[in-house]
Number of protein chains: 2
Amino acid sequence: MLPLARGRALCITASESAAFMAAGSSAEKAPLIRKLESIANLSDAAREAVSALPMTVRVVEARQDLARDKDQPAHCCLLLTGWACRYKLLNEGRRQILSLHVPGDIPDSQSLHLRVLDHGLATLTQCRVGFLPHESLRELCVRFPDAASALWRDTLIDAAIFREWMTGIGRRTAHGRIAHVFCEMYLKLHAVGLAENHRCPWPITQTDLGDALGLTNVHVNRMLQDLRAQALIGPRYSELVIYDWDALCALGEFDETYLHMERKAAA
Amino acid sequence: MLPLARGRALCITASESAAFMAAGSSAEKAPLIRKLESIANLSDAAREAVSALPMTVRVVEARQDLARDKDQPAHCCLLLTGWACRYKLLNEGRRQILSLHVPGDIPDSQSLHLRVLDHGLATLTQCRVGFLPHESLRELCVRFPDAASALWRDTLIDAAIFREWMTGIGRRTAHGRIAHVFCEMYLKLHAVGLAENHRCPWPITQTDLGDALGLTNVHVNRMLQDLRAQALIGPRYSELVIYDWDALCALGEFDETYLHMERKAAA
DNA sequence: CGCGCCGTTGACAAAGATCAATCTCAGTGG
DNA sequence: CCACTGAGATTGATCTTTGTCAACGGCGCG
């Protein structure tokens, strides 16, 4: 429930941009390529072009804003390592986390077509972030229609996840919501090669998780204890270990259709 | 909470398609054009092309599915008159309504890029619906990049509305949620010329409204009585009359930024 | 060593759900 | 004209889930 970040949002000065440009040029894009290939087919040419996109890379500490509500950004953020989230703030410190993001995600790709941001974007853990100028992304879209369509598809999957979360917050029990987000994040991480054998890192606080699920940290804590008592998940919060995938899916009424991963990433 | 529709989803046979094609050809598209122009600039050529899109028109009774979860549609639905919604069903008859749609909306425009539907689409009132073949929409996008970008922008605004609803369901009180959806629908209707002077038709049941807001019909009913008692809205449920717009916005913490109506429709 | 963040616990309060009537009113048939 | 019907709105009593508040505990870090 606490405000997520203090201080001012990050912005890139021209000199910094030049200084970092070289560093971010090619191998860094692996998570992005992997993610796009998990949802669409990319031609070799498009893959090359994505790799060649100019990018400024930065390490950002946990709980820093990458962009703020009402900003009019000129670049998109590509998450290279770490977890981030989008969020809205309401009166009296209420906060809703709208989405959780992992490496390969471009959480603000919508800003390519929507001038004003209607929410904030912040790191949850320390992150490496690549900044991609709108200009070069637009050019990419014009020159490589399959890249454009992969990006459009990505924004549509983003929306599909919102629908699923809305359903959870509106109509699932607290147990179900937690089970559901565990299943979802495990699959998202698995798609970019960051999870295996029903285990993955779980680096966010219970307060953050509550704000994502429309619950309080206290209630999240109690529900987690229930899930542990039922032997559905492992005992440590910092690493998610799913003991019983099927039971967790059943509890969360989880059906992965909405993730639209038509091409499963090779493990 | 009740299942929304019975019987089978609508589909169009080849002969019907031919029979209706002529009828839906041009003037019918006024709400769509008006809606697209409320969110983006359209060139004259693009506007012409949209008007010339082949379309099959049908009158559909209230509470009928236009498309179902897991369908793989070959057309998009353009709502010409009436209200519709997208929804998900969970076990034990729980239902979440994901969005409310009014004339000019294409509720399933995402299906252009996402093969499988992850939710249902149904009428709430009697509707006139135009069916637009994916094929011709794709061709439109290729030939008129500004039409493509308007449609993409439309899907992004769709997602922005999901985010706002998620925030409401997760973090707003029942009063606030109802106030918020009233403000939103009034503006959406106003943008297509179907509302004026803080009045608009309100043709959906309290049960439907509850399913949209993550509440029960009983609780919706009680909250409506509160809003009436506070003289924020008019006494009749079938017509929304907003007595005190500012107070309603304040109660719902409503900020229209997320609707991204950069070009207000001329009244 | 002590501070602060985060996880955990308990007692209690409140929002909203559930269940079961009852009411209203438009549409229908006689 | 009037009884009958059914969907949807309204009401009351009660229950459950979740929130609130406050304290305490573990642990990493300067």
Side-chain angles (χ1 to χ4, degrees), chain A residues 1-6 61-63 83 90-96 124-126 168-179 202-229 233-240 251, chain B residues 1-6 61-63 83 90-96 123-126 168-179 201-229 233-240 251:
Chain A
M1 287 285 233
L2 300 174
L4 192 90
R6 294 157 202 100
E61 292 308 305
R63 281 161 206 291
W83 287 34
L90 298 175
N91 296 337
E92 296 130 43
R94 284 168 299 154
R95 179 177 63 149
Q96 178 65 43
L124 289 169
T125 67
Q126 192 195 65
I169 297 172
R171 291 297 184 215
R172 271 190 257 268
T173 64
H175 290 95
R177 289 181 225 180
I178 294 176
W202 196 265
I204 68 173
T205 68
Q206 294 179 5
T207 299
D208 290 336
L209 186 54
D211 281 352
L213 302 176
L215 299 168
T216 58
N217 59 339
V218 174
H219 204 59
V220 166
N221 184 280
R222 293 184 166 126
M223 298 302 104
L224 285 171
Q225 294 177 49
D226 286 357
L227 296 185
R228 286 181 204 125
I233 58 169
R236 290 197 11 263
Y237 181 68
S238 58
E239 186 192 19
L240 173 60
L251 183 60
Chain B
M1 287 286 232
L2 300 175
L4 192 90
R6 294 158 202 99
E61 291 309 304
R63 281 163 204 290
W83 287 34
L90 298 175
N91 295 338
E92 296 131 42
R94 285 167 299 154
R95 179 178 64 149
Q96 178 66 43
T123 58
L124 289 169
T125 66
Q126 190 194 66
I169 297 172
R171 290 297 185 217
R172 273 190 256 268
T173 64
H175 291 96
R177 289 181 225 181
I178 294 176
W202 196 266
I204 68 174
T205 68
Q206 294 179 5
T207 298
D208 289 336
L209 186 55
D211 281 352
L213 302 176
L215 300 168
T216 57
N217 59 340
V218 174
H219 204 59
V220 165
N221 184 280
R222 293 183 166 127
M223 298 302 104
L224 285 171
Q225 293 177 49
D226 287 356
L227 296 185
R228 286 182 204 125
I233 57 169
R236 290 197 10 263
Y237 180 69
S238 59
E239 184 192 20
L240 173 61
L251 182 60

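Heavy atoms only: backbone and side chains are in, while hydrogens, waters and symmetry mates are out. Please read all numbers here as calculations on a predicted model, not as lab measurements. Order of the sequence lines fixes the chain letters, A, B, ..., with proteins taken first and strands second; residue numbering starts at 1 for each chain.
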Open item on the list: By nearest atom, which of the nucleotides C/dG16, C/dT18, D/dT10 is closest to the B/Arg228 side chain?
Closed with: D/dT10
Open item on the list: If you compare all heavy atoms of B/Val220 against all heavy atoms of B/Gly210, which two are closest, and at what distance to 0.1 Å?
Closed with: CG2-CA, 3.6 Å
TODO: Measure the distance from CZ on B/Arg94 to C1' on C/dA17 and round it to the nearest whole Å.
DONE: 13 Å
- [ ] Using whole Å, report how far CD1 of B/Ile204 lies from P of D/dA7.
- [x] 19 Å
Open item on the list: Is there a side-chain contact between B/Asn221 and the phosphate of D/dT10, meaning an N or O under 4.0 Å from OP1 or OP2?
Closed with: yes
Task: Euclidean distance, atom CG of residue A/Leu215 to atom C1' of D/dT20 [Å, nearest integer] - done: 14 Å
TODO: Let me know the distance between CZ of B/Arg236 and C1' of D/dT10, rounded to the nearest Å.
DONE: 17 Å
Task: Selection from C/dG16, C/dT9, D/dA9 that lies nearest to any side-chain heavy atom of B/Thr205 - done: D/dA9
TODO: Hey, could you give me the CZ/CG distance between B/Arg177 and B/Leu215, rounded to the nearest 0.5 Å?
DONE: 4.5 Å
TODO: Taking only the side-chain heavy atoms of B/Arg222 (C-beta and beyond), determine which of C/dG16, D/dG12, C/dG10 contains the nearest atom.
DONE: D/dG12
Open item on the list: If you assign each of A/Asn217 and B/Asn217 to its closest nucleotide in DNA chain D, which residue comes earlier from the 5' end?
Closed with: B/Asn217
- [ ] Check the distance between D/dG19's P and A/Met223's CE and give it to me in whole angstrom.
- [x] 9 Å
Open item on the list: For a quick check of understanding: with a heavy-atom distance under 4.0 Å over all strands, which category does A/Arg172 fall into, base, sugar-phosphate or nothing?
Closed with: nothing
Task: Under 4.0 angstrom between B/Arg171 side-chain N/O and C/dA15 OP1 or OP2 - done: no
Task: Whole-Å gap separating C1' (C/dT9) and CG (A/Asp226) - done: 14 Å
Task: Nearest-angstrom distance from the residue atom CG of B/Asp211 to P of C/dA17 - done: 11 Å
TODO: Enter the distance from A/His219:NE2 to A/Ile178:CD1 here, rounded to the nearest 0.5 Å.
DONE: 7.5 Å
Open item on the list: By nearest atom, which of the nucleotides D/dG19, C/dG16, C/dC19 is closest to the B/Val218 side chain?
Closed with: C/dC19
Open item on the list: Please report the distance, rounded to the nearest Å, between CD in B/Glu92 and P in C/dT18.
Closed with: 10 Å
Open item on the list: Does a side-chain N or O of A/Gln225 approach OP1 or OP2 of C/dT9 to a distance below 4.0 Å, or not?
Closed with: yes
Open item on the list: Base, sugar-phosphate or nothing for A/Gly214? Non-hydrogen atoms, less than 4.0 Å.
Closed with: sugar-phosphate
TODO: Answer yes or no: is there a donor N or O on one side and an acceptor on the other, between the side chain of B/Thr207 and the main chain of B/Asn217, under 3.5 Å?
DONE: no
- [ ] Using atom types as modelled and distance alone, determine if a side-chain donor or acceptor of B/Arg94 lies under 3.5 Å from a backbone N or O of A/Arg171.
- [x] yes
